[in-house]
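Take a look at the structure set out below.
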Amino acid sequence: MSTLQSVAALDEPASPAELEGLPAPGRCLIMGILNVTPDSFSDGGLYADTRRAVDRGLELAAQGADIVDVGGESTRPGADPVALEEELARTVPVVRELARAGVCTSVDTVHAPVARAAVEAGVRMVNDVSGGLADPAMAQTIAVSGVLYVATHWRAPSREMDRHAHYDDVVTEVTAELTCRIRQLTEQGVDPARIVLDPGLGFAKRSEHDWTLLTGLGALRQLGHPLLVGASRKRFIGTALADGGAGEVPPGGRDAATAAVSALAALDGAFCVRVHDVRASLDAVRMASAYRAHRSQQL
Ligand code: PMM
């Protein structure tokens with residue numbers, strides 16, 4: 001191997017991680033988004049009742065989603081919190097039916113009681129966009145259930161997160177804050193081997209922060225945990241599609257670009273991408289896999 005080749009090999013992300021309880025297709029996983037909410041930023045209201053939500057979950061799985069992520073509270077900037085009973089009523093019946101049908105599910109919640117009920121209903125992973133900061137009981141809930149856990153970089157609730165979008169060096173700060181999360185979660189009994197990390201694109205981030213994090217996945221990979229990337233239809237994609245103009249392409253027109261970002265994230269070693277349009281991103285990550293395999297043969 002030449003020096004150039006060995007340097008390239010060092011840069012090459014490791015083979016896709018495998019986590020017990022999740023499918024292991026040998027490529028970046030696809031998490032399909034199922035927002036059972038009236039007010040999410042791009043699909044709010046579409047699947048707001050249980051029957052429609054279950055049908056959509058089955059459809060996402062049929063399209064190739066490895067995991068269906070069921071959420072009952074919008075996390076868009078400025079969103080109001082939802083009563084716990086309402087979030088439970090939105091998510092738990094959907095998870096139960098999808099799990100019964102053999103679909104691998106996660107629950108998107110920052111609340112320990114919702115996580116607990118969803119685990120009982122059959123989720124294999126809890127996706128917490130606050131990384132355990134919103135509810136002090138979350139770490140214990142995860143520790144006791146032994147379920148997989150996505151810890152996302154987060155600084156503040158939706159209503160106020162835009163005020164916290166200030167960084168001198170976003171990759172270094174996000175890495176340090178996630179490191180702190182891992183330490184606190186593991187001190188409270190969460191198995192580190194069951195923690196997935198997420199840079200939290202759009203959560204207390206402006207577009208330039210999202211891009212810097214997306215291009216800095218290599219640094220986050222050094223933390224040694226599988227990485228989940230949630231870029232789907234987010235504003236940084238809409239503004240990039242506007243070619244530097246002042247406007248942005250609306251969320252419904254961002255799926256092809258999301259798939260391109262999925263390919264880039266997979267190429268950089270992402271473990272999973274969370275997307276609305278499953279088919280497009282599945283094809284995209286398959287292409288990234290094939291590309292990586294052929295590139296490594298040439299090294
Ligand atoms: N983004 C949203 C919701 N949940 N979960 C993870 N792990 N990562 C994310 O980036 C993420 C998330 C907001 O997007 P949506 O309203 O389209 O679901």
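Note that these values count all heavy atoms, side chains included, but never hydrogens, waters or copies made by symmetry. We count residues from 1, following the sequence as given. Order of listing sets the numbers, starting from 1, for every ligand and every atom in it.
When all heavy atoms of Pro113 and Asp135 are compared, the closest pair comes out as CD-OD2, 3.7 Å. Closest heavy-atom contact between Leu214 and Leu217: O-CG, 3.4 Å.
Evaluation of the side chain to side chain donor-acceptor pair (under 3.5 Å) test over residues 227-238, restricted to residues two or more places apart or in two chains, returns Ser42-Arg233, Ser232-His276, Arg233-Asp255, Arg235-Glu248.
Between Arg274 and ligand 1, at least one N/O pair is under 3.5 Å apart. Taking distance alone, with nitrogen or oxygen atoms compared against 3.5 Å, Gly230 approaches ligand 1 more closely than that limit.
Side-chain contact of Asp128 with Ser130: a donor-acceptor pair under 3.5 Å is present, judged by distance alone.
Ring geometry for Tyr167 against His153 counts as tilted: the plane angle lies between 30° and 60°, on a 0 to 90° scale.
If you number the atoms of ligand 1 from 1 as listed, the ones under 4.0 Å from a heavy atom of Thr75 come out as 2 (C), 3 (C), 13 (C). Contact atoms of ligand 1 toward Asn35: 15 (P), 16 (O), 17 (O), 18 (O) (distance under 4.0 Å to a heavy atom of the residue). Using a 4.0 Å cut-off to heavy atoms of Asn127, the atoms of ligand 1 that qualify are 5 (N), 6 (C), 7 (N). Contact atoms of ligand 1 toward Leu228: 7 (N) (distance under 4.0 Å to a heavy atom of the residue). Counting atoms of ligand 1 from 1 in the listed order, those under 4.0 Å from a heavy atom of His276 are 17 (O).
Contact annotation: Lys234 has at least one heavy atom less than 4.0 Å from an atom of ligand 1. Residue contact annotation: Arg233 has no non-hydrogen atom under 4.0 Å from ligand 1.
With a heavy-atom cut-off of 4.0 Å, Val229 does not touch ligand 1 at all.
Exactly one of Glu73, Arg116, Glu87 qualifies for a side-chain hydrogen bond (donor to acceptor under 3.5 Å, both in side chains) with Thr109. That residue is Glu87.
Remark: Ala259 engages Ala280, Ser281, Ala284 in a side chain to side chain contact (heavy atoms under 4.5 Å, CB included) (not counting sequence neighbours).
Scanning Val150, Asp108, Asp69 for the heavy atom closest to atom 4 (N) of ligand 1 points to Asp108.
Expressed to the nearest 0.5 Å, how far CD of Glu59 lies from CZ of Arg56 amounts to 4.5 Å.
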